[in-house]
Structure formats: C-alpha cells, structure tokens
Amino acid sequence: MSHDLFEIYRRRVQAALKTLSAKGEIPKPSNPAAASRRPSAFALEPPRDSRHGDMALNAAMALAKEAGENPRALAEKIRPALQKMEGVEKAEIAGPGFLNLTLKDEIWQSEIPKILALKDSYGSSARGEGRRVLIEYVSANPTGPLHIGHARGAVFGDALALLMEKTGCAITREYYVNDAGAQADTLAASVWTRCRQSLGETIALKEGLYPGDYLVPVAEEILKNHGGDRLTAMKDEPRRALLREESVRAMMDLIKADLKDLGVSHDCFIHESALVRRGAVKKAVGILEKKGFVHEGTLPPPKGGKGKESADWTPHRHLLFLASRFGDSSDRPLQKKDGSWTYFASDIAYHHDKIARGFDEVVNVWGADHAGYAPRLRAAFEAFGSGADFHVKLCHMVRVLKDGSPVKMSKRAGGFIALRDVLKETGRDAFRFQMLTRKNDAPLDFDMKKVLEQANENPIFYVQYAHARICSVFRRAEEAGLTEEEEREADFALLAHQSETSLIKMLARFPRQVALASSMREPHRIAFYLHDLAALFHALWNVGKDAPAQRFLLENRNDEERALTLARLALLRASKIVLAEGLRILGVRAVEEMR
RNA sequence: GUCCCCGUAGCUCAGUUGGAUAGAGCACGAGAUUCCUAAUCUCGGGGUCGCAGGUUCAAAUCCUGCCGGGGACACCA
C-alpha cells in the first residue's frame with residue numbers, strides 16, 4: 001500500500017469515478033498509467049497555483065467528449081462524490097471544468113508523524129514491483145583516467161540507479177570494458193614506448209599513440225614487475241599481449257579510483273575480451289543469421305561531411321546486419337576487411353548476453369556523441385526478439401568554465417580535463433549535485449567558481465544550508481533537554497501557520513516526485529525539488545526572525561510553548577529526513593554544519 | 001546532404017509525461033538582523049515560450065515545415 005498521498009487520493013477518485021460510471025452517470029474512465037492512453041484518461045495533480053486547492057482533477061474535461069456533455073455539467077455530477085470523500089474539505093468546480101480538491105488540515109498534518117515513522121523509507125515505493133533493470137554506465141575505454149564527460153554519465157547512472165531502487169526496482173550496475181579492440185593495442189604500444197623511454201632510449205611517441213603522462217608510472221610498474229631485459233627480449237606478439245593485459249588492468253585501477261572518489265560503484269565489470277574469448281560474438285551473430293537478419297553485401301560509400309568525400313573508401317563485401325529492417329537508416333557491418341569482428345559485432349554479443357541474463361529492462365547511459373549508434377543497437381536488440389525494454393539515455397557535453405571562460409584541454413594530461421583535477425577543487429558532493437541540476441539531454445556548463453560559491457546562486461549550498469540550519473536547531477533543542485520521543489507525541493494541529501502548511505505540503509509531494517522522476521528516468525527532478533523544499537524552509541525560518549512567537553524553539557515557560565516547540569521540532573525532523581533522503585538519492589551527503 | 005538533441009525573462013535554467021493568470025536563481029530597484037547560522041528572507045519591474053501552420057474542450061508541451069545553435073553520420077571504439 002502506497003503512502004503517497006497523491007496516489008492514495010488518485011485511487012479513491014478512480015474508485016468514485018468507477019462507481020459513477022457503473023450507475024451510468026458518466027463514461028468509463030481509464031487509468032493514465034495504462035499503456036494505451038485514451039482521451040478519457042484522467043489525472044489528479046497538484047495544481048500550479050495553490051489557490052486552486054491541493055489536488056486538481058481533469059476527469060470532467062477528459063470525459064466530456066465521450067459523454068457528449070459540456071465539462072462543467074459533467075463536473076457537477078462528479079462533485080458530490082468527491083465532496084463526501086474522506087479527508088476532503090471541499091471540492092470545487094473551476095475554470096473550464098477542473099475539480100479542485102482541498103484537503104482538511106489534519107490530512108496534511110498527519111503527514112508529519114508518517115514521515116517520522118517511515119524515516120528514510122518515506123518516498124520509497126513498490127511501484128517497480130521488483131522489475132529487474134540493468135543500468136550500464138561509464139563504460140569508458142580503459143585508455144586513461146576519467147574525464148569530465150565520463151563523470152557526467154557516471155553521476156547520472158548512479159543517481160538513476162538509486163532513484164529506481166527507491167521505487168522498487170532491482171538494479172544491476174554494470175561497466176562494459178572495451179579491452180579487445182584496436183584501442184587496447186594502441187594503449188599497449190603507448191606503454192611500450194614509455195617503457196623504452198624509461199630504459200634510456202631516445203624515441204618519440206608516435207602519432208596516434210596516447211600522450212598522457214599518466215602512462216609513465218604504468219610503464220615503470222610493468223618494468224619493475226617483469227624486468228626490462230626480459231620484456232625487450234620477448235617476441236612481439238607475446239609482449240604485446242602481456243602489455244595489453246597489464247596496461248588495461250592499470251587503467252581500470254585508475255578509473256576505479258576515480259569512480260570511488262566520485263562515490264560511484266558497479267556490481268559487475270564485463271570485459272569485451274572475455275566475450276570474444278568464449279566465442280560469444282560468433283554465437284550471437286549465428287543466432288541473428290539463423291533468424292535471417294545477416295547477409296553478405298556491400299555498403300554504399302559513406303556520405304561524409306560537406307564536400308568531404310572519403311578518399312580511402314573502397315567497396316568491399318562483408319557480413320552485414322539488417323539494421324534497416326528495424327528502423328536504422330542503413331545496414332551495419334559485422335566484419336572488417338580482414339574478417340575480424342567489428343566493435344558493433346561484439347556489442348551485439350554483449351547485448352545478447354544482457355538479454356540472456358533475463359532483465360526486464362536494459363538502460364544504456366552514453367555520451368551524446370554515441371547518439372547515432374543507438375538505432376543500430378536497438379535494432380539488434382529487437383532482432384533477438386527480447387521482450388525487455390531498451391533505453392538509451394544520452395548525457396550531453398560538459399564544458400568546464402573557470403573565470404567565465406572555457407578551460408583549455410591540456411595536452412600533457414591526454415587532451416581532456418581530468419575528473420580528479422576538478423574533484424580536487426570542488427569535492428564529490430558539490431560536483432555530483434551540479435551535474436544533476438541539468439537534464440541529461442542538454443549540454444552543461446560546469447562553472448568551477450559557482451560550484452564553490454557559498455550563496456543562494458549555488459543550489460547545492462542552498463540545500464545543504466537548509467539541512468545544516470535544521471541540525472543547528474536540534475543541537476540547541478538537545479541542550480534544552482527536548483527529545484525525539486516527545487516530538488512524536490506532539491500535537492500536529494498546532495502547525496497551522498501558512499509557512500508551516502506550505503512546507504508540509506511540499507514534504508508530502510516528495511513520494512510523488514520520486515515516483516515521477518523514477519518513471520521518467522530523470523534524477524534532476526529530485527535536485528530541483530530539493531531546491532524548492534529548501535526555499536520553503538528558509539522562508540519559514542525567517543518568519544521566526546520577524547515574529548519571535550513563530551520561532552522553532554520557544555522558552556518553554558509553560559505547557560503551551562512546550563507543545564508548540566515540540567510540534568515545530570517534529571516538522572523540522574520531517575524536513576531533515578526528506579532533505580537527507582533526497583540528497584542520498586543523488587549520491588550527495590547531507591552536512592550537519594556549514595563551517 | 002541525412003539523422004539526433006536543444007531553442008522559455010537581460011543571463012543561467014525549471015516546467016508535474018496536453019491543463020487554469022508560464023516559474024526559480026542571477027542581475028536590477030525597495031525593504032527586513034537586540035532573536036534558532038542575514039551564507040537567509042520579503043516586495044517589485046521584467047515574456048510574441050525561435051517562426052508559421054495543424055491536431056482538440058485545452059499546446060511551452062503532440063504533428064508538419066522553416067530559421068538558429070550543438071552533436072553524429074567508419075571496415076574506431
């Protein structure tokens with residue numbers, strides 16, 4: 001049973017509408033949550049304008065057409081049922097035919113003890129019904145430390161996982177390690193150059209190799225473990241294999257260290273090389289072949305950019321996947337000229353593996369530069385005939401600003417802005433919050449100065465400050481000998497000030513907001529919600545500055561003051577719980593004080 | 001040339017999966033601290049939701065076309 005007030009009333013309203021339609025007074029309503037949306041679907045939502053009550057129902061408008069009646073007349077038929085509904089203060093008809101519900105104060109006030117009892121499971125739900133979801137995120141190539149763009153995907157994927165877990169999904173966090181292709185060879189070659197340099201040879205790093213300084217210690221470590229003489233004496237092929245394995249491992253250690261600093265973790269790391277080794281690629285392609293989705297053919301020359309025709313392109317016959325049959329703009333090669341598998345082929349194997357593991361939903365978090373790759377992978381996914389849902393969430397580019405202008409990429413660091421350099425300055429929590437104050441499919445400017453700013457303009461600070469202020473009150477309350485147990489017995493009807501009511505109503509929206517953010521796979525909604533919640537808290541705080549009688553902690557000279565204090569502390573306790581839990585979903589730690 | 005994403009206040013951005021008079025922060029103007037952290041709050045001005053059509057009770061939101069910005073169009077991963 002849901003404890004989301006909006007969900008509870010949605011169900012009550014639905015039942016009431018059903019009864020009415022059974023009596024033949026109104027057409028049959030349909031549930032907006034149902035897969036097939038019909039015009040008769042209704043919604044019960046908090047109205048934008050609080051003067052329109054607490055919950056707005058659009059059923060009369062939605063059903064008007066089917067009923068062949070005007071919405072306001074239909075609303076008149078529905079209104080009595082809503083009016084006598086439990087906890088409803090009044091049900092009014094407004095505007096084009098809205099039915100606005102205003103709930104009794106006690107309904108809102110009872111939200112406080114509910115939060116105190118549920119603690120951090122307030123807002124949790126079983127909506128996901130144990131849905132098994134695989135979220136693949138980061139999956140950065142093991143060729144260097146994480147950069148700022150990877151970090152956005154990392155934070156997004158991690159927050160999405162936390163969010164969907166909160167709504168009852170069983171999440172597996174996964175990282176796909178591309179360690180079988182040409183990039184791993186390039187890495188090995190780069191490290192070998194570094195080895196030889198370290199052994200005293202004067203050779204330059206060839207064009208196309210990875211220039212980053214971070215490979216120097218990797219080379220030295222390998223020399224130490226395997227011996228320079230021995231490595232030099234080895235034949236090319238076994239040496240390359242060894243260097244590949246060792247440097248990929250070193251790179252993954254580097255990446256895992258970065259992820260740890262970011263507070264991001266994965267349940268499993270799937271290595272492309274392992275898939276290749278056990279013949280998974282051949283097997284997966286074989287399955288598609290059997291289904292008739294693979295053929296041998298020649299692709300037309302690539303279009304290229306304006307006026308730029310590919311000079312080195314020659315027609316070639318190879319195995320193609322019939323992606324065009326599943327909505328992609330072209331068929332896609334599975335083999336290279338030399339007969340080896342393409343990256344796409346092993347990705348097909350990887351996703352076949354995902355399907356085989358029986359997930360209900362597969363989410364891929366990618367950088368926006370992979371947008372064009374999504375249709376072919378979706379095509380492959382569908383070709384296997386999997387019933388699982390397939391989502392691609394694209395995280396757009398991050399531009400780092402320092403002193404108002406974009407930071408130049410450092411060549412020595414490998415041509416990108418390293419996550420660790422940014423993290424060193426901002427810290428994990430501010431970084432994560434900043435990354436989530438923007439929806440994933442819009443580019444993001446990351447302003448170093450603003451992230452560190454201790455002012456209203458910086459949302460993470462604003463939210464943390466609210467939490468810290470609450471903690472400060474509790475420190476004083478403790479000194480005054482007030483206990484948490486007493487709060488639970490408080491008379492919540494005393495919370496009647498307009499600012500208190502607004503805050504309570506915002507708290508009560510948390511479960512709905514979590515459900516919404518989760519179903520839309522949009523963690524940023526939580527960040528914005530927290531900002532709104534903090535704003536109402538700060539407003540209430542200042543009410544007490546102007547009017548001492550409205551302060552949280554009164555002198556406790558008499559029973560009345562003591563009762564007020566306890567009720568207000570309960571409200572603060574509930575606010576603290578929701579702030580902390582909201583931050584937790586974003587992977588941000590709430591702070592007790594700001595100093 | 002084709003595909004994807006974006007276009008909302010001077011600036012940075014939200015916008016409840018189609019709802020009522022489109023919101024917040026910054027900036028600008030005016031105010032509030034003997035008192036729980038003023039690192040905050042209150043009030044005010046500020047809009048053709050890129051443009052033009054369409055769909056319907058209702059469009060910033062959905063569809064089509066255009067304009068502008070970004071990204072992608074490998075036998076690289």
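Proteins get letters first, then strands, A, B, ... in listed order; numbering begins at 1 in each. When reading the values below, keep in mind they use all heavy atoms of this one structure, side chains included, and skip hydrogens, waters and symmetry mates.
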(request) Using a 4.0 Å heavy-atom cut-off across all strands, classify H52(A) as base, sugar-phosphate, or nothing. (result) base
(request) Between U42(B) and A38(B), how far apart are the C1' atoms? Round to whole Å, please. (result) 13 Å
(message) Any base atoms under 4.0 Å from A539(A), or only sugar-phosphate, or nothing? Heavy atoms, all strands.
(response) sugar-phosphate
(request) Go ahead and write out RNA chain B as dot-bracket, 5' to 3': ( ) for pairs within the strand, [ ] for ones crossing earlier pairs, | when the partner sits on another strand, dots for unpaired; Watson-Crick or G-U wobble, both distances under 3.5 Å. (result) (((((((..((((.....[...)))).(((((.......))))).....(((((..]....))))))))))))....
(request) Taking only the side-chain heavy atoms of K336(A) (C-beta and beyond), determine which of C36(B), A77(B), C41(B) contains the nearest atom. (result) A77(B)
(message) Can you tell me which nucleotide in A14(B), U16(B), C75(B) comes closest to the side chain of R48(A)?
(response) U16(B)
(message) With the stacking rule set at 5.5 Å and 30°, tell me whether F98(A) counts as stacking on A20(B).
(response) yes
(request) Have a look at D179(A) and say if it touches a base, only the backbone sugar-phosphate, or nothing, with a 4.0 Å heavy-atom cut-off. (result) nothing
(message) A567(A): which residues meet the side chain to side chain contact (heavy atoms under 4.5 Å, CB included) condition with it, sequence neighbours left out?
(response) A490(A), L494(A), L495(A)
(request) Describe the nucleic acid contact of D49(A) in one word from base, sugar-phosphate, nothing, applying a heavy-atom distance below 4.0 Å. (result) nothing
(message) Ignoring hydrogens and geometry beyond distance, is a side-chain donor-acceptor pair present between D54(A) and Y9(A) at under 3.5 Å?
(response) no
(request) Provide the distance between the two P atoms, one in G19(B) and one in C13(B), to the nearest whole Å. (result) 24 Å
(message) Please give the distance between the C1' atoms of C43(B) and U48(B) as a whole number of Å.
(response) 28 Å
(request) Have a look at F552(A) and say if it touches a base, only the backbone sugar-phosphate, or nothing, with a 4.0 Å heavy-atom cut-off. (result) base
(message) Please pick, from U40(B), G71(B), U16(B), the nucleotide with the shortest atom-to-atom distance to any side-chain atom of M397(A).
(response) G71(B)
